[in-house]
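Notes for the one structure printed next.
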There are 2 protein chains.
Amino acid sequence: MTATLADVAARAQVSPATVSRVLNGNYPVAAATRERVLRAVDELDYVLNGPASSLAAATSDLVGILVNDIADPFFGIMAGAAQAAIGEERGAREKLSVICNTGGSPERELTYLTLLQRQRAAAVIVTGGALEDSAHQAAVGAKLARLADAGTRIVLCGRPPVPGDSVTATLAFDNRGGGRRLTEHLIGLGHRRIGYVAGPTERTTTRHRLEGHRAALEAAGLARTLDARVVHGSYDRRSGYDAALELLRQEPELTALVAANDTVALGACAALRDRGLSVPGDVSVAGFVDLPFSADAVPALTTVRLPLYEAGARAGRLALGLEPAPPGGIATVHGELMVRASTAPPRTL
Amino acid sequence: MTATLADVAARAQVSPATVSRVLNGNYPVAAATRERVLRAVDELDYVLNGPASSLAAATSDLVGILVNDIADPFFGIMAGAAQAAIGEERGAREKLSVICNTGGSPERELTYLTLLQRQRAAAVIVTGGALEDSAHQAAVGAKLARLADAGTRIVLCGRPPVPGDSVTATLAFDNRGGGRRLTEHLIGLGHRRIGYVAGPTERTTTRHRLEGHRAALEAAGLARTLDARVVHGSYDRRSGYDAALELLRQEPELTALVAANDTVALGACAALRDRGLSVPGDVSVAGFVDLPFSADAVPALTTVRLPLYEAGARAGRLALGLEPAPPGGIATVHGELMVRASTAPPRTL
DNA sequence: TTGAAAGCGATACCAG
DNA sequence: CTGGTATCGCTTTCAA
C-alpha cells in the first residue's frame, strides 16, 4: 500500500542505504544519484516511516512541550513561540514539536512524561509553575532523570530549577522580583492598605510572587500577620472576582490590590466596579504577567510584563541545542514593570 | 542501558510474547503469570519502546490536533478540550494527543500533516477556518486522503467539510447563521448604519460570517454595495482598532459595529473610546465567539457564543471512535446569541 | 495458556 | 561514493 524506502531504492536503481543517505543529507552522495532518488521519492510520494526510523536510529524527532493550561494565553504564547522556534530548524530531520496540556493535574503531567519517554522524545520543555508537593516533585524529578539519561534534552521554562544534572537548561522567571516591584510601586505612591489576590496555594509561582509582595511590605515596615490581606484562588476570572470581594469584606479601607495574574486582575476589577468603586480612582490594581488583551480590557492596570514569547522561543532553541545553555544551566528571566495608570496617590477615605 | 521487553521476559521467566500480551491486555494470560510480569516491569521500571511498538503494529498512539493560533484562547479551549477527552480514554493503549500550532501558515499546516503522517498517527483533528486558496485546499485534501487510507482517522472541527470520503467526521460551525443573528439583533434595535470588522480575507470563517451579515442586511433591505462598510484585517486587537477607525472615517454616522471575533471587538471598542464615543451608548458593538474574559473586558459586548469546549471534546471522542459519527459525517454546531447590552435603540445623530 | 520465530522499515557499519 | 546486511524492540501468526 504505502511505499517504503526499498520501493524507492528499486525505482531509483540504487541501494536502500543510498536512499537513506540522500534523505538524511548527512552523507556525501553524487548529485546525479541524488536527483534520481529524489525523483523516485516524488513519483511514489514516499513518506518516511517515523517509527521505523526512530527504532533504527534510536532517537526520535519528537519534542514535547508541557503546559499547565493551554486555554490560558500565558501558556499559549510560550508554547507557540517554542514551537515556532523549533519549526524554524528546517533541513535534515524536521522536528515534530507538540504541546501537551496537563490541565494542572500532577497525574497527567507524569502520564505525558511517560508517553514522551515511550516515544523516545528528542527533547522535553516543561513550562509554568510546579506543584509544591514533595512526593510529586520527586516523581517528576525521577522521570526527568530517566528521560535525560535516555538522551532526551530537558528544558524548564518559567519553572524553578530542579536539583540534579538531568536538566539541560532552566529559564526561571523572576517571580519574587516581580511581586516585589509591583508592591513597591504601590507603596511608592503612598498606598498603605494593599490586598493581594493570590493564585492556587500549592504552586511555586504563587508562593514566589507572594514572597516578593511580603518582602516589599516588610521593607516598608508594613507587614502585619503573615496571611493578612491575602486570599488564594485559582488563576481564573471568577476566582479574582470572589477574592476581591472577600478582601473588601475583610478590610473595606483597601486602597490597592495586587493580583497574581491578569485574568485574576480582570475579575478583581469587575468586582470593584460592581461595588461601585472606580479603578484606579478608588482602588489601584496591579497585576502580574501582561497578556495582549489586558491593555484594552483594563487600561487602569499596572502590570509586570514577562517576556513570554522571547522566553518560549529561547526554550525551543535550547531544546534543540541551537543555543548554548546559560552558565550554570540557569538563566533568570526578569519582567518589566509597565505603569499604565495608578500613578495618583491613594484616595483619602 | 534502558530495559527492553526481552529483559522483562527474562526476569519474569516467560517469553517476550507473553510480556507483550500482558502489556497490551488484549489477550488471555494466566493471573499468576501476569502478576510476575507486572512485577518485573515494575522492578526494571520498564517503559515500552513506542517506535518499535508502532513499527511492529503498524499503527501508533499519536493523535495530532492542528490549530491556527494557539495563543488565541479560541483554539486553546478547543484543543484543550479535545486533549482532555482523549486523555480520559485510560486503559489499553494510552493515546498521546498533541497540539500543533500552524500559526495560520499553509506551509506549516502541510508540514505538520506530513510529520504526523510520518508518525503514522492514529488520528488527526484539524480545527479552525481553512485558507480560501484552491491550490492549498487541494494539497490539504490530498494529504488527508493519504492519511486516511493509511488508516488515520480524520476529524474536522470548526472547519467546513471537504469533499471526498477521507474525513471521518466534521463538526462545522454555523458561521453564517451566527453572523446573521448578530446583525439581525442590531437591525431589530433600529440600527441602520452598521459597520463590519472582518477577519483576514482569504479565510472561510471570514467569508461565511460576512455572508451571514450580508444576508441579514439584504433581508432588511439595507444592503448597499457589496463591500460598503466592511474592513478586513487579521484576528488581532490592533487590527480591530485600525478597522474601527477606518470605518468611522468612511462613515462617521455609524451607530453599530459587528466584529469578526472578540479580540477584534476589543480593539474596536478601544478605538471608539479613543474617539470619544461610548459603547454601547453611542455605538453598539456585537462580536463573534465568546471567550471567557470578554464578559469582563467589555460588558457592553453582545456576542454569539460558540460551544468551543463541547465541540473540542466531541472532536476528541470522534477521533478515538468513542462516539458514532453524525449522520452523513457532518454535524453543524450552532452558536448562542448572548445579549448583554446594546438593547437600547440607536442614538439619533 | 504459552513459546518460537518471522517480520515491520529504516539505519549504519563494513566492504569495495 | 555506493552496496550488502545485521540490527533496533516489539507484535503476531503458528504450533504446542
Side-chain angles (χ1 to χ4, degrees), chain A residues 1-38 40-41 44-62 92-94 117-122 150-151, chain B residues 1-38 40-41 44-62 92-94 115 117-120 122 150-151:
Chain A
M1 192 66 238
T2 321
T4 73
L5 191 148
D7 299 335
V8 175
R11 176 143 194 144
Q13 316 215 48
V14 296
S15 74
T18 301
V19 177
S20 176
R21 295 198 262 253
V22 170
L23 261 33
N24 289 303
N26 46 14
Y27 219 82
V29 172
T33 317
R34 138 174 285 106
E35 271 318 304
R36 235 176 331 129
V37 170
L38 291 178
V41 165
L44 297 172
D45 66 323
Y46 167 73
V47 174
L48 185 75
N49 183 315
S53 170
S54 297
L55 173 57
T59 75
S60 88
D61 44 9
L62 239 201
R93 309 200 69 64
E94 303 213 13
Q117 186 182 1
R118 261 192 204 170
Q119 303 300 326
R120 303 300 188 254
Chain B
M1 193 65 236
T2 320
T4 73
L5 192 149
D7 299 335
V8 175
R11 176 143 194 145
Q13 317 214 47
V14 295
S15 74
T18 302
V19 178
S20 175
R21 297 198 260 252
V22 170
L23 261 33
N24 289 304
N26 46 14
Y27 218 82
V29 172
T33 317
R34 140 175 284 105
E35 270 318 305
R36 237 174 333 128
V37 170
L38 290 179
V41 164
L44 297 173
D45 62 321
Y46 167 73
V47 174
L48 185 75
N49 183 316
S53 169
S54 297
L55 172 57
T59 74
S60 88
D61 46 8
L62 238 201
R93 309 199 68 63
E94 303 213 15
L115 254 21
Q117 186 182 1
R118 267 195 198 164
Q119 304 299 326
R120 303 298 188 256

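Remember, it's a predicted structure, so these values are computed and weren't measured experimentally.
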So do [Y] and [X] actually touch side chain to side chain, heavy atoms under 4.5 Å?
{"X": "B:Val22", "Y": "B:Thr33", "value": "no"}
{"X": "B:Ser20", "Y": "B:Leu23", "value": "no"}
{"X": "B:Asp7", "Y": "B:Thr4", "value": "yes"}

Distance-minimising heavy-atom pair for B:Arg34 and B:Val29: NH1-O, 3.7 Å

Shortest non-hydrogen contact between A:Ala52 and B:Leu55, atoms and distance: CB-CD1, 3.7 Å

Check for a donor-acceptor pair, side chain of A:Ser60 on one end and backbone N or O of A:Gln119 on the other, with a separation under 3.5 Å. yes

Under the 3.5 angstrom rule, does the side chain of B:Arg118 hit a backbone N or O of A:Gly50 as a donor-acceptor pair? no

Write down the distance between [atom1] ([X]) and [atom2] ([N]), rounded to a whole number of angstrom.
{"X": "B:Asp7", "N": "D:dG9", "atom1": "CG", "atom2": "P", "answer": "9 Å"}
{"X": "B:Leu55", "N": "D:dT7", "atom1": "CG", "atom2": "P", "answer": "17 Å"}
{"X": "A:Arg36", "N": "D:dC1", "atom1": "CZ", "atom2": "C1'", "answer": "12 Å"}

Is the distance from OP1 or OP2 of C:dT2 to the nearest side-chain N or O of B:Thr33 less than 4.0 Å? yes

Check the pair B:Glu94, B:Asp61 against side-chain contact (heavy atoms from CB on, under 4.5 Å), reporting the backbone distance first and the verdict last. CA-CA 7 Å; B:Glu94 303 213 15; B:Asp61 46 8; 5.9 Å; no

Strictly under 4.0 angstrom, non-hydrogen atoms only: write out the protein contact profile of nucleotides 10-16 of chain D, one letter per nucleotide from the 5' end, B, S or -. BSBB---

Five-pair end axes of the helix from C:dT1-D:dA16 to C:dG16-D:dC1 and the angle they enclose, rounded to 10°: 30°

